[in-house]
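Here's the structure we're looking at; comments come further down.
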Number of protein chains: 2
Amino acid sequence: MLRTLVSQSKVSSGEFKYSLGTEIFGQAEPADYIYQVIEGAVRSHKLLSDGRRQIGAFHLPGDIFGLENGDFHRFTAEAIVKTTTCVVKRQSLEGVVKTDPAMVQSLLTMTTDNLQHVENHMLLLGRKNSQERVAAFLLEMHGRLAAADVMALPMSRRDIADYLGVALETVSRALSEFQRKGYLRFLNGMQRQIVILNAAGLAELDR
Amino acid sequence: MLRTLVSQSKVSSGEFKYSLGTEIFGQAEPADYIYQVIEGAVRSHKLLSDGRRQIGAFHLPGDIFGLENGDFHRFTAEAIVKTTTCVVKRQSLEGVVKTDPAMVQSLLTMTTDNLQHVENHMLLLGRKNSQERVAAFLLEMHGRLAAADVMALPMSRRDIADYLGVALETVSRALSEFQRKGYLRFLNGMQRQIVILNAAGLAELDR
DNA sequence: CGATGACTTGAACGCCATCAATCGCTGTGG
DNA sequence: CCACAGCGATTGATGGCGTTCAAGTCATCG
């Protein structure tokens, strides 16, 4: 979609590369650019003063992030792995927006998609138990990055934990339990290469 | 803001009244109308199959709700008390939206405000303990409906609990604790009439 | 090899949920 | 006017789920 924006509007754009763990932008920083993941993965998070962290979303290839309506970023974004992004100057969008209603429509759609995801995540964080959370996570990722039924998770157990609002040990225990139940298996001991064997079983846990 | 929309665009609109506990619209129903609270209060929630409930937002006078980009509502909305709403047919907006970029901008702003609230709530649900949650709730409501320093909460302890992702007893205990600490007091035994005595104390608990 | 970091697994604790009793206010009917 | 049912809220007791602390495993890399 950003590509569409870019091509439609001839806004100034470029590519940027980030290595593992690098900050792309920080919370409350001026939102001068918006981003699209070309390759790699990004996490967006908020922090409490004592370091507790809540990851709001993972951004995978194709996803747009850093799109704010206000002037400042509301999350900190970091590359989880070696990541390439497409970057668009925000200002260059603003002129276009004033004259092109279809463009604003696109922004609105993107924002609404965002909203929908976050609303569902709120239900998970407020009301689901740990197994349901991990099952929901697996199904989400399964839908988003399964290449030939093998998921190559870019994020650590800690990242998953901070996304799901639980301790990292809890994530680990749930995954082991799912393996015992035959819902999934790890690809020859690679702890981030997961094959889903029984999506229905996970879905039953989740709903 | 809806008023602005209405007056700007001469879209068809009307008023509706709902009594305590009535459903205004249900999740997954066609989103034919959008609403603004004139008087009263509304809660929006999602349900899990076994009845666990997560309230996503409380809508107070002036607030707009039920604004969807897709064709279906993503929450169920119910009147918490006797409530009057201003209603606008969604279709009548759509024509306007195509021609008037400022109008789409307004919708985008509203959606973004929504998003911001939900993002902050995600941090609360994922990472805050029970006292922090209740403190945050009190401060939010204090900012939104304090008339002369007295809050008249329209919602029950159960509603608050389902908003904060805790048990209703936990809400009750936290409020009692805050009272003991001198952070608040109840107006002559009215359990929903709260006076905040030490907002700074609550804020310290929250951050 | 030894060191480091990610992950798993075990044990114990603690926060909060659950269950249950009680209080207090409201409204209804005798 | 009082008795009583009904509902929301508070408070207490108990238990469980998930956190925390700690040890151990495994892969990677110097």
Side-chain angles (χ1 to χ4, degrees), chain A residues 20-21 41 43 48 50-54 80-82 124-138 151-181 184-194 205, chain B residues 20-21 41 43 48 50-54 80-81 124-135 137-138 151-181 184-194 205:
Chain A
L20 192 152
R43 61 177 176 244
L48 290 174
D50 63 358
R52 280 174 287 174
R53 183 177 70 152
Q54 179 63 45
I80 297 178
V81 293
K82 206 161 166 280
L124 178 150
L125 292 173
R127 287 304 178 199
K128 291 185 183 176
N129 66 31
S130 64
Q131 295 222 347
E132 291 168 338
R133 293 181 195 212
V134 176
F137 170 77
L138 289 170
M151 283 196 288
L153 297 177
M155 69 290 281
S156 68
R157 298 293 190 261
R158 162 137 301 287
D159 287 337
I160 300 173
D162 285 348
Y163 179 60
L164 299 179
V166 296
L168 71 90
E169 293 92 334
T170 302
V171 174
S172 190
R173 278 184 246 271
L175 290 175
S176 300
E177 176 65 16
F178 290 160
Q179 195 179 14
R180 244 170 276 131
K181 285 187 182 169
L184 59 81
R185 68 185 190 85
F186 295 101
L187 212 59
N188 32 277
M190 299 279 88
Q191 293 147 324
R192 297 192 189 178
Q193 308 266 324
I194 295 181
L205 267 179
Chain B
L20 192 150
R43 62 176 175 244
L48 290 175
D50 62 357
R52 280 173 287 174
R53 184 176 70 154
Q54 179 62 46
I80 298 178
V81 293
L124 179 150
L125 293 172
R127 287 303 179 202
K128 291 185 182 175
N129 66 32
S130 65
Q131 293 223 350
E132 291 167 338
R133 292 181 195 213
V134 176
F137 170 77
L138 289 170
M151 283 196 288
L153 297 178
M155 69 289 283
S156 68
R157 298 293 190 261
R158 162 138 300 286
D159 287 337
I160 299 172
D162 285 348
Y163 179 59
L164 299 179
V166 296
L168 70 91
E169 294 92 334
T170 302
V171 174
S172 192
R173 277 184 246 271
L175 290 174
S176 299
E177 176 65 16
F178 290 160
Q179 195 178 15
R180 244 170 276 130
K181 285 187 183 169
L184 59 82
R185 67 185 191 83
F186 294 101
L187 212 61
N188 32 276
M190 299 281 88
Q191 293 147 322
R192 297 192 189 179
Q193 308 265 325
I194 296 181
L205 267 179

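Below, chains carry the letters A, B, ... as their sequence lines are ordered, and counting in each starts from 1.
Looking at residues two or more places apart in sequence or on another chain, you find a side chain to side chain contact (heavy atoms under 4.5 Å, CB included) between Q193(A) and V150(A), A152(A), L187(A), M190(A). Take E132(A) and apply the side chain to side chain contact (heavy atoms under 4.5 Å, CB included) test, not counting sequence neighbours, and it matches K128(A), N129(A), R52(B). With sequence neighbours excluded, the residues forming a salt bridge (charged side-chain N to carboxylate O under 4.0 Å, His left out) with R43(A) are E78(A), D159(A), listed by chain and number. Shown here are the side-chain hydrogen bond (donor to acceptor under 3.5 Å, both in side chains) partners of E177(A), two or more places apart in sequence or in another chain: R180(A). Residues forming a side chain to side chain contact (heavy atoms under 4.5 Å, CB included) with R158(B) (at least two apart in sequence, or on another chain): R53(B), S156(B), D162(B), L168(B). Contacts of A167(B) classified as side chain to side chain contact (heavy atoms under 4.5 Å, CB included), with partners at least two apart in sequence or in another chain: E169(B), T170(B).
The number of heavy atoms from other shown groups lying within 6.0 Å of NZ (K82(A)) does not exceed 12.
Along DNA chain D, the nucleotide closest to N129(A) and the one closest to N188(A) are compared, and the more 5′ of them pairs with N129(A).
Taking CZ of F186(B) as the reference point, atom CD of Q179(B) lies at 5.0 Å (rounded to 0.5 Å).
Considering only heavy atoms from C-beta on, Q131(A) comes within 4.5 Å of F178(A) through its side chain. Proximity of M155(B) to V81(B): side-chain heavy atoms (C-beta onward) are nowhere separated by under 4.5 Å. Counting heavy atoms from C-beta on, the side chains of V171(A) and F137(A) never come closer than 4.5 Å.
Rounded to whole angstrom, the span from the CZ atom of R180(A) across to the C1' atom of dT8(C) amounts to 10 Å. For the pair L164(B) CG and dC15(C) C1', the interatomic distance rounds to 16 Å; values are reported in whole Å. Per the geometry, CD1 belonging to I80(A) stands 13 Å off P belonging to dA6(C), to the nearest Å.
Read 5' to 3', the first and last nucleotides of DNA chain D with an atom closer than 4.0 Å to a heavy atom of chain B are dG8(D) to dA13(D).
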Check the interface with nucleotides 17-20 of chain C: list each N/O to N/O pair with the protein under 3.5 Å, or write none.
{"unit_1": "dA17(C)", "atom_1": "OP1", "unit_2": "A167(B)", "atom_2": "N", "d": "3.2"}
{"unit_1": "dA17(C)", "atom_1": "OP2", "unit_2": "A167(B)", "atom_2": "N", "d": "3.2"}
{"unit_1": "dA17(C)", "atom_1": "OP2", "unit_2": "T170(B)", "atom_2": "OG1", "d": "2.2"}
{"unit_1": "dT18(C)", "atom_1": "O4", "unit_2": "R173(B)", "atom_2": "NH2", "d": "2.8"}
{"unit_1": "dC19(C)", "atom_1": "N4", "unit_2": "E169(B)", "atom_2": "OE2", "d": "3.1"}

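Within the nucleic acid shown, R192(B) comes within 4.0 Å of sugar-phosphate atoms alone, with no base atom in reach, counting heavy atoms only.
For DNA chain D, the neighbouring residues in residues 151-160 of chain B, judged by any heavy atom under 4.0 Å, are S156(B), R157(B).
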